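Working notes, beginning with the structure itself.
In what follows, residues are counted from 1 in the order of the sequence shown. This one's a predicted model, so the numbers in the text were calculated from it and none came from an experiment. Heavy-atom basis, side chains included; hydrogens, waters and symmetry copies ignored.
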Amino acid sequence: METKKKYSHTPERYAQRLRFLAGLLLAMLFFTGCTTDDDEPSSSQQDSTTSNHSEEAQSSSQASVDEAGSKVIVTPAASSTDWNLVLVNRENQLAEEIAMEIYLTESGYPIDSRIQEPYLQLLEAGKAAGMDFTMISGYRSIEQQQANYDVNYQNYLAAGLSEAEARAKTEEYIALPNASEHTTGLAVDITATALANQEGNSGLFPDLENYPEGLWLKENAPKFGFVLRYPKEKEAITGINFEPWHFRYVGIENAVYMTENNLTLEEYVAILKQNETIGNSEQ
């Protein structure tokens, strides 16, 4: 009797379990059907949404760039046409000599008389700081620059280089005749006397940057209106290799601004021109 009693409710319990499982299954199917068809976007909808977001981001980014490019950049009160900012390089060659009054320096090299005072002040300050400078070059005419170019070119040919190699080697440090900053009368080559006195050398070496004179010039020249014209890591912009001896007069405010913002003359003049263009369009 106990055995029959033990199993008398088994079918009912089994049926209850079946009904429970069936109900659970129906509930799962119901909820699955609702979310699959109505709540989740299809793959095409997802792609469309992603694409829209991407396009919006790109549009926003481009708008930011356009807005930045349309804003005036704060600079000293200067114009791209100022006499002390004349840009001379391969892309901006001189058609003819620049008219100027010449001042003959103590080294016998001429410069534009307008930079006489700042040049002398630079030398005096350096001397007071214990520096020993020697000036190597100042103003050079287009004709002199042509002769300078030809001599270097011929020397490389004599050394066995091809014409193309000799030309490329020459132009690493020698500007084209109508593209030399020295023709402006605003550029000076200054080196350490210790380097200049080395027999058989010009004194113009990249190693000048490690001499006290080179270090002092780089740090202090802007205070007198001169900038290091051909700095390191800017060769692609200037077209000339690093020259720690070549300083160009641009005026004190311009020189300080350019140095603080790590700008070459090419970059600074471009900013001024952009500002002028924006200013003209707003008038």
Short N-O contact, Arg229 and Glu266, less than 4.0 angstrom: yes

message: Does this structure show an ion pair linking Glu267 with Lys234, if we count only N-O contacts that are shorter than 4.0 Å?
response: yes

task: Would you sort out whether Tyr153 and Arg167 count as a side chain to side chain contact (heavy atoms under 4.5 Å, CB included), showing the intermediate values?
output: CA-CA 6 Å; Tyr153 175 70; Arg167 187 174 297 106; 3.8 Å; yes

[X] vs [Y] side-chain heavy atoms within contact, under 4.5 Å:
X	Y	result
Phe205	Leu208	no
Ile278	Lys71	no
Glu213	Thr134	no
Tyr139	Asp112	no

I'd like to know if the side chain of [X] pairs up with that of [Y] as donor and acceptor (distance under 3.5 Å, no hydrogens or angles considered).
X	Y	answer
Asn92	Asn89	yes
Thr81	Ser79	yes
Asp150	Gln146	yes
Glu276	Ser80	yes

query: What's the verdict on side chain to side chain contact (heavy atoms under 4.5 Å, CB included) for Tyr149 and Glu171, showing C-alpha distance, side-chain angles and the deciding distance?
result: CA-CA 8 Å; Tyr149 183 97; Glu171 292 175 13; 2.6 Å; yes

Please tabulate, one pair per line, all N/O donor-acceptor pairs under 3.5 Å involving side-chain atoms of residues 245-259, not counting sequence neighbours.
from	atom 1	to	atom 2	distance (Å)
His246	ND1	Asp189	OD1	3.2
His246	NE2	Glu181	OE1	3.1
Arg248	NH1	Val86	O	3.1
Arg248	NH1	Glu181	OE2	2.6
Arg248	NH2	Asn84	O	3.0
Arg248	NH2	Val86	O	2.9
Asn254	OD1	Tyr268	OH	2.6
Asn254	ND2	Val250	O	2.9
Tyr257	OH	Val74	O	3.0
Thr259	OG1	Ala255	O	2.8

Residues which pass ring pair (Phe, Tyr, Trp, His ring centres under 6.0 Å) with Tyr119, listed by chain and number, not counting sequence neighbours: none

statement: The reported gap from CD1 in Ile115 to CD in Glu117 (rounded to nearest 0.5 angstrom) is 11.5 Å

task: Supply the atom-to-atom distance Ile271 CD1 to Asn261 CG, rounded to the nearest 0.5 angstrom.
output: 7.5 Å

message: Would Asp207 and Asn210 count as a side chain to side chain donor-acceptor pair (under 3.5 Å) here? Give the steps.
response: CA-CA 6 Å; Asp207 194 43; Asn210 299 316; 2.8 Å; yes

message: For a side chain to side chain contact (heavy atoms under 4.5 Å, CB included) check, start with the C-alpha distance between Leu228 and Tyr230, then their side-chain angles and the critical distance, and finish with the verdict.
response: CA-CA 6 Å; Leu228 180 63; Tyr230 303 119; over 6 Å; no

- line: Hits for side-chain hydrogen bond (donor to acceptor under 3.5 Å, both in side chains) against Asn262, two or more places apart or cross-chain, chain-then-number order -> none

message: Go through it in stages, so that I can follow the logic: the residues are Thr183 and Val88, the test is side chain to side chain contact (heavy atoms under 4.5 Å, CB included), and I'd like the CA-CA distance, side-chain angles, deciding distance and then a yes or no.
response: CA-CA 9 Å; Thr183 307; Val88 179; 6.0 Å; no

For Glu219 against Lys223, the heavy-atom pair lying closest together: O-CE, 4.2 Å

